[in-house]
Number of protein chains: 2
Amino acid sequence: MSTIGRRATTTAATRRGIIDAARELLATRDWQHFTIEAVANRAGVTRVTVYNQVRSKRGLLDAVLTDLVDRAGMDQLLTDTQHLSAGDACAAIVQRTCVFWHSERELLRTLFGLAAVDHDVASILKQREEWRRKQLHSLVRRLAAESTPALADADVLAGVTAVTSFVTYDALGAIADEPDRAALLLTHLVRSLTD
Amino acid sequence: MSTIGRRATTTAATRRGIIDAARELLATRDWQHFTIEAVANRAGVTRVTVYNQVRSKRGLLDAVLTDLVDRAGMDQLLTDTQHLSAGDACAAIVQRTCVFWHSERELLRTLFGLAAVDHDVASILKQREEWRRKQLHSLVRRLAAESTPALADADVLAGVTAVTSFVTYDALGAIADEPDRAALLLTHLVRSLTD
DNA sequence: GACTCACTATACAGGCTGTAAAGCGAGAGG
DNA sequence: CCTCTCGCTTTACAGCCTGTATAGTGAGTC
């Protein structure tokens, strides 16, 4: 352990290569041709190696997803915006959410699509959505403290969650190509629910 | 051709059976086990018969989708609401849309999920979404004539389309179990964009 | 009564998944 | 320097699903 795992480094690199290859192929949204062999070829590696790193095709999706969450770096979104006014915090949260949706749009579209069809993928995404929901719950409480919404609390939260979800963002079509513009639109919607 | 195709009737029935079986299996959202053989078994028919009716697995999805559109009966939504005031027409259109999303929620979730992953399914759904968009365009024009929206026309239309999309409806979670309640929420959002 | 045509039964090629086993070769460790 | 470890490669295999082909059966048609 002199060079602190030169071997470990290379295996980590091949794992990275596999995950990146999977990311790229998933972004093409061609599930038909998303095979372990295709991923292996793109990563310059054997099929067996892929099975070695990730147990199965689902394991591969799992790896891509957790990797995606890691690079998201949205964890401290709430604390980052604590010092802002409720309105500004709302705008900031929506904006950063949009930027993230936009940055990985193709990949996310595939993953959320698969979640509608595969219970395993769904359960992984569900965890993340639950986290997002909690964050939004805090935000909604802050906003509601400054005004009296016309709708029931449960409806407001559900509405805000839906409006700021990836699928809604993606449904904006061409507008979603400009995250800042989309953020303004979505912020408008969120405020209409909470004011 | 005396009894007007007694044979034709039975073959139409088997086709119905196949499509219904496919609908039911798709609603379980288990793509993994959605095989031609499973559909055939559920329809009480041989695998070969399924291939006879629909050319392939994609052909089966196509058949399910066009069947779904047929039973939707949303074609005259716009003319039905022409005599109403703009605001009432908006509420009615959103409400009927929600009822439809709700009536086939599980199946639609699967189909829209697949569309994110399969270009063929996507292109079929795209046609329907284009139609919906046109309907909403008319509605937005009527609403905008009565007020001056704060947002650009393109943003308003994109927002309304997204907010009334199936995926957003489905993202409402438990609220989507009560289509009328969801309709009120979504109408609120649509109005906030157009007022 | 002969014919049509949808359905059945069976078989086959091709592709993808996942597992197993043997060999290689660079890195780790004494 | 010499040995051992361990990730990667190659090859092989069983199982499942898709899609196609072929021959047979039996109820509906004319």
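Letters A, B, ... are given to chains in the order of the sequence lines, protein chains preceding strands, and every chain is numbered from 1.
- B:R47 has its CZ atom 13 Å from the P atom of C:dT8, to the nearest Å.
- Across all strands shown, B:V48 has heavy atoms under 4.0 Å from base atoms, whether or not it also approaches the sugar-phosphate.
- Side-chain atoms of B:T168 never come within 3.5 Å of backbone atoms of B:T164 as a donor-acceptor pair (strictly under, hydrogens ignored).
- Sequence order on DNA chain D of the closest nucleotides to B:T10 and B:R58 puts B:R58 first from the 5' end.
- For A:K57 and D:dC16, the NZ to C1' distance is 13 Å, given to the nearest whole Å.
- A close approach under 4.0 Å does not occur between any side-chain nitrogen or oxygen of B:T35 and OP1 or OP2 of D:dC16.
- Looking at heavy-atom distances under 4.0 Å, B:Q53 makes contact with sugar-phosphate atoms alone, never a base.
- In the hydrophobic clustering of this structure, A:V163 does not group with A:L184; members are Ile, Leu, Val, Met, Phe, Trp, Tyr whose side-chain heavy atoms approach within less than 4.5 Å, directly or through other members.
- Nearest to the side-chain atoms of B:N52 among the listed nucleotides D:dC8, C:dC7, D:dG19 stands C:dC7.
- Whole-Å rounding puts the A:N41 CG to C:dC16 P distance at 11 Å.
- Between the side chains of B:H137 and B:R141, at least one donor N or O lies within less than 3.5 Å of an accepting N or O.
- Under 4.0 angstrom from either OP1 or OP2 of C:dC7 there lies at least one side-chain N or O belonging to B:T14.
- Using a 30° and 60° split on the angle between ring planes, A:F166 and A:W101 fall in the perpendicular class, above 60°.
- In this structure, B:R55 atom CZ and D:dG19 atom P are separated by 11 Å, rounded to whole Å.
- Between B:R15 atom CZ and C:dC5 atom C1' the separation is 16 Å, expressed in whole Å.
- Atom CZ in A:R7 sits roughly 5 Å away from atom C1' in D:dC6 (whole-Å rounding).
- Spacing between atom OH of A:Y51 and atom P of C:dA20 amounts to 13 Å, rounded to whole angstrom units.
- Look at A:D118 and A:R58 and you find a salt bridge, because one of the NZ, NE, NH1 or NH2 atoms lies within 4.0 Å of a carboxylate O, short of that distance.
- Regarding A:L61, its CG atom lies at a distance of 10 Å from the P atom of C:dG18, rounded to whole Å.
- Of the side-chain N and O atoms in B:T49, none sit less than 4.0 angstrom from OP1 or OP2 of C:dC7.
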